[in-house]
Amino acid sequence: MSKEEKNEEVVKKMSDLMRSGAVMLEQACPLCGLPLFRIRSGEVVCPIHGPVKIVKSEEEAVEAVSSAVLRELEKAVARKLHTYVELFVREDINTSEMKDLIYLLDILERVRRIRKT
Ligand SMILES: [Zn+2]
């Protein structure tokens, strides 16, 4: 999807929210910075990320952002890992790629360890 299409989609989602009676709030989504909306059910949503938990303290906010960031990292690592695993399976992997593969596994392990704590 191009940037313009993405912007259009965001604008469309925001106007859909407004039309359905949602109220634009002063708070912004901690992930994308877009304004949050309170929908009729009382739930707070981001036009892109959907339901957002409103945090009460700075600590909770940091917690929410870092767990979202870690999720993103885990997804990115898994995607990258997949390409290396394919090389590995085809027995077409060189030493430096093998090192990358091990680094990626290391990152994944760390991320999982942090998320568990
Ligand atoms: Zn968002």
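Both counts, for ligands and for their atoms, begin at 1 and track the order of listing.
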Q) Between Lys13 and Asp16, does at least one N-O distance fall below 4.0 Å, as a salt bridge requires? A) no

Sequence neighbours excluded and cut-off under 3.5 Å, please list the side-chain donor-acceptor pairs for residues 72-85, or say none.
| residue | atom | partner | partner atom | Å |
| --- | --- | --- | --- | --- |
| Glu74 | OE1 | Arg115 | NH1 | 2.4 |
| Glu74 | OE2 | Arg112 | NE | 2.7 |
| Glu74 | OE2 | Arg112 | NH2 | 2.9 |
| His82 | NE2 | Glu86 | OE2 | 3.4 |
| Thr83 | OG1 | Lys80 | O | 2.5 |
| Tyr84 | OH | Asp100 | OD2 | 3.0 |

Q. Could you state the interatomic distance from SG (Cys32) to CD1 (Ile48), rounded to the nearest 0.5 Å?
A. 4.5 Å

Q | Sub-4.5 Å side-chain heavy-atom contact between Glu43 and Arg38 | A | no

Q: Check Asp106, Leu70, Val69 against Val111 for a side-chain contact (heavy atoms from CB on, under 4.5 Å) and give me the one that passes.
A: Leu70

**Q.** Nearest heavy-atom neighbours spanning Phe37 and Met18
**A.** CE2-SD, 3.5 Å

Q) With a cut-off of 2.8 Å, which protein N/O/S atoms are close to the Zn ion (ligand 1), if we only count those under it? A) Cys29 SG, Cys32 SG, Cys46 SG, His49 ND1

